[in-house]
*Asks:* 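Below are the structure tokens for one structure; questions will follow.
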Amino acid sequence: MTRVLIVDDSPTIRRMVKVSLGLLPAPTDFIEAASGLEAIERLAIGPVDLIVLDLNMPDLHGLEVLGFVRSHERYRSLPVIVLTTRGDDSSRQAALQGGASAYLTKPFTPAVLAAEVSRLLGSTASPGAAK
Amino acid sequence: MTDFLEGFLDDYFAECDEHLTTIRRGLLALEGSVGRQRPDPVVTEELFRAFHSIKGIAGMVEHRESEQLSHEMESYLRAIREGDARLTTPGIEALIEGARSLEHAIAARRQGDTPPDTSRAVTLLRGLLSESTPAGTVHDTAPAGATPSAQWQCVFTPSPALVSRGVTVDLIRTRLRESGEIINASPIIAADGSVAFRFIFAGALDQATVDAWAADGMTCTALQSDDTDKPIAPSPDLVQAAPGATLSTGHYVRVDLARLDELMRMIGDLVILRVRLTDSITRVEPFVPPADRRVIQEHLIAVERQLRDLREGVMRVRLVRVGEIFRRMPFVVRDLARDTGRKVRVVLTGQDTEIDKFLVERMMDPVLHLVRNAVSHGIESLDERIAAGKPPEGTISLSASASGDIVTLEIADDGCGVDTERILARAAQVGLPVPPNPDEAVLLDLISSPGFSTRDDSDRASGRGFGMAIVRTTVQELGGTIRMTSTPGQGTRFSIDLPLTLAITDALIARVGTHTFAMPQTSVREVIEVDAAAVRAIEGGEVTPYRGGALPVVRLSRILNVPVSAMDRLHAFIVGTGAATTGLLVDRILGQREIVVRSIADPLIRVDGVSGATDLGDGRAVLILDAAAIVRRARVRGTGALPAVKEIA
């Protein structure tokens, strides 16, 4: 079971990510967090295989969450996909420098997100990108 | 639009509703900081985030107008936050205009209408950024007079055991916010590699609290004055951690109203079942030994009490703050006042009063109408006000209060009061019967009659095809009543009483001939005994002595078309107020019951005067009467209006 932590303060976006990753061939378990601090808590108390991370959130900014994840030995190589609202070009640079494994903007294409997750998890099976 | 996106539209609308609420509140708060070096950072941030969120989801569901508008507003707010722009009066106006366009665009999408033209708002907003001047590099310092309170360092280490008990970082943050101000919150890594959260916190903590929190994986230590002298470098996101900035999402669930309706319906069924059970037990009681009888009775009473608690519990879940109705009103007033060249301020009180969600939705338009009315028909023009020696700025007060099962909404203005002459002239013109010496209840009745409007097209701001008739109908459909009081030169006040919730209500059960019916207790002011011989015919109606005067009465037997009873002592339900006060005559009152209201949806059997049906436990349907509609019907039936209490007295 692959465990994906979805971090976004919008419940709608979290659900969209879940439905998108439903396209993955491997069974996936979703863990949700609505804020940066909550995300780190979820990470601390249970195993996570990949994070889909929004940048602009209450309390801790996504970049700070990313910084924390990368500074901890245990999570250093954890794949993190930054999924943020488009229009802020400086954040792409900052996210990639901060150690993001991939950078996608909203609106995102479900198949593209699923493919990115698949790639990062080293899944050999291709996602159902036909849809 | 793809099926994928189609499936998220409802989520989108629901989330937008929440953000729009934040936006309305935020913009009103921001209006007060126009021209300041830097407006309230908490509010600015909250607004920025709300627009940012809408933009994100709007992009996903391909709602371009919404995405573009929220993008422009987000950009302006970001510039303000960063100190690259100053909040100006045109700026706040553009934001308000933008928010309104956004609201319209979302509503249009929701209803499948053609998208409104948002280009004006977009142009206005874009103009702001091109011409804005930086606010300068001076940073606002802490507000004067704020005394630094003791600072603490609280470290919380989360664990699966704590989370399973509901102790999450969210809860910790909420607790801290309730006791003071969080200055900084950051994740830390302990020596053993475990993750914890460190909060730097300013506030008062006593030892008992510190001890209690220790049981929840939190250690709090007071920072020495040396430490407090050291400035704790705030991260740029600190504003977001300020108290009350955002509600943590962790403690709330969003529930479809239909599910609560279903729950309420099931409780209704239980209430009926309970009544049936009581009836059956009463029948078998003679065959049960007295000792057992008592036990059964006790259990029955316990069931009844718990049912009531259950019902109240579900009802409370459905309650939302009346503030939801009021929040839009300042915007409406603002616009209308500007368009009509008046100055009006809005005073809101009792916004925390709670009311059923369904009622909030239904009451939105009626309240909106009354508020528009107050601006365009109530408040005078600037010149008129000055000439009358009144403050140039008019006041509209919206208030809400609760007492028992009734919620009262009041919409009052300090304008010119209703123009009786004009109303009577118009009534005569459209052929409405007018009694001599009409009081406020009669005037309200007249202006609420379909087809009544005293203004011409040029002044239809308050109309929009939605008149007082609809206001009254809506209130009555919801089981409420509306009253008007007006003093020439001083203003008009509308008071609307509504039941706290629908579905289950207390009612008086009465008999007329062989028929049993229910009358909601909220519509009955008083119950009196009437001597049948004392009822006498007058001017096409009937009256009975009442409090030294005469009270118009209506025989329900006539309204319901059942044989007139031959009893010499009758009862009357006193309903209505002012000159509309009427006694509804019934044969016998059987008692007071909790009834489950079932609405009658079939238009073929819907009758004016019957608001629904209920089941008293014996399986037969009993009609629930609508007192206001019956009085209205009786007035129409009689030749001319019924005589009023005053003139006979």
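Letters go in sequence order (proteins before strands), and every chain restarts at 1.
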*Asks:* Please find the pair of heavy atoms, one from Val169(B) and one from Glu41(A), that lie closest to each other, and give the distance.
*Replies:* N-OE2, 2.7 Å

*Asks:* So which part of Glu73(A) gets closer than 4.5 Å to some heavy atom of chain B, the side chain, the backbone, both or neither?
*Replies:* neither

*Asks:* Which region of Arg74(A), side chain (C-beta onward) or backbone (N, CA, C, O), has a non-hydrogen atom less than 4.5 Å from a non-hydrogen atom of chain B, or is it both or neither?
*Replies:* side chain

*Asks:* Taking the side chain as every heavy atom from C-beta outward, state whether Asp11(B) and Met16(A) have any atom pair closer than 4.5 Å.
*Replies:* no

*Asks:* Kindly compute the distance separating CD (Glu67(B)) from OG1 (Thr85(A)), expressed to the nearest 0.5 Å.
*Replies:* 9.0 Å

*Asks:* NZ of Lys55(B) to CG of Asn56(A): how many Å apart, nearest 0.5 Å?
*Replies:* 9.0 Å

*Asks:* Give me the atom names and distance for the closest heavy-atom approach of Leu60(A) to Pro187(B).
*Replies:* CD2-CD, 3.7 Å

*Asks:* What part of Phe8(B) lies closer than 4.5 angstrom to a heavy atom of chain A: side chain, backbone, both or neither?
*Replies:* both

*Asks:* So Ile40(A) and Val195(B), side chain to side chain contact (heavy atoms under 4.5 Å, CB included) or not? Walk me through it.
*Replies:* CA-CA 8 Å; Ile40(A) 290 174; Val195(B) 173; 3.5 Å; yes

*Asks:* Select one option (side chain, backbone, both, neither) describing which atoms of Phe199(B) are under 4.5 Å from chain A's heavy atoms.
*Replies:* side chain

*Asks:* Looking at Arg76(A), I'd like to know if its CZ atom is crowded, meaning that more than 12 non-hydrogen atoms belonging to other residues, nucleotides or ligands lie closer than 6.0 Å.
*Replies:* yes

*Asks:* Roughly how far, to the nearest 0.5 Å, is the OG atom of Ser53(B) from the CE atom of Met57(A)?
*Replies:* 11.0 Å

*Asks:* Might you point out which heavy atoms bring Ser35(A) and Arg173(B) nearest each other, and give the distance in Å?
*Replies:* OG-NH2, 3.5 Å

*Asks:* For the atom pair OH (Tyr12(B)) and CZ (Arg15(A)), what is the distance rounded to the nearest 0.5 Å?
*Replies:* 15.5 Å

*Asks:* With a 4.5 Å cut-off on side-chain heavy atoms, are Phe156(B) and Leu37(A) touching?
*Replies:* no

*Asks:* Quick check for you: among Ile57(B), Thr157(B), Ile188(B), Leu162(B), which has the greatest number of heavy-atom pairs under 4.5 Å with chain A?
*Replies:* Ile57(B)

*Asks:* Measure distances from Ser20(A) to the heavy atoms of chain B and classify the residue's part below 4.5 Å as side chain, backbone, both or neither.
*Replies:* both

*Asks:* With a 4.5 angstrom heavy-atom cut-off, is it the side chain or the backbone of Ser194(B) that approaches chain A, or both, or neither?
*Replies:* backbone

*Asks:* What heavy-atom pair brings Gly59(B) and Pro107(A) nearest, and what distance separates the two atoms?
*Replies:* O-CB, 3.3 Å

*Asks:* Can a donor-acceptor pair be found, under 3.5 Å and without considering hydrogens, that links the side chain of Glu15(B) to the backbone of Thr12(A)?
*Replies:* yes

*Asks:* Test Thr168(B) against Glu38(A) for side chain to side chain contact (heavy atoms under 4.5 Å, CB included), laying out the working first.
*Replies:* CA-CA 8 Å; Thr168(B) 61; Glu38(A) 229 182 285; over 6 Å; no

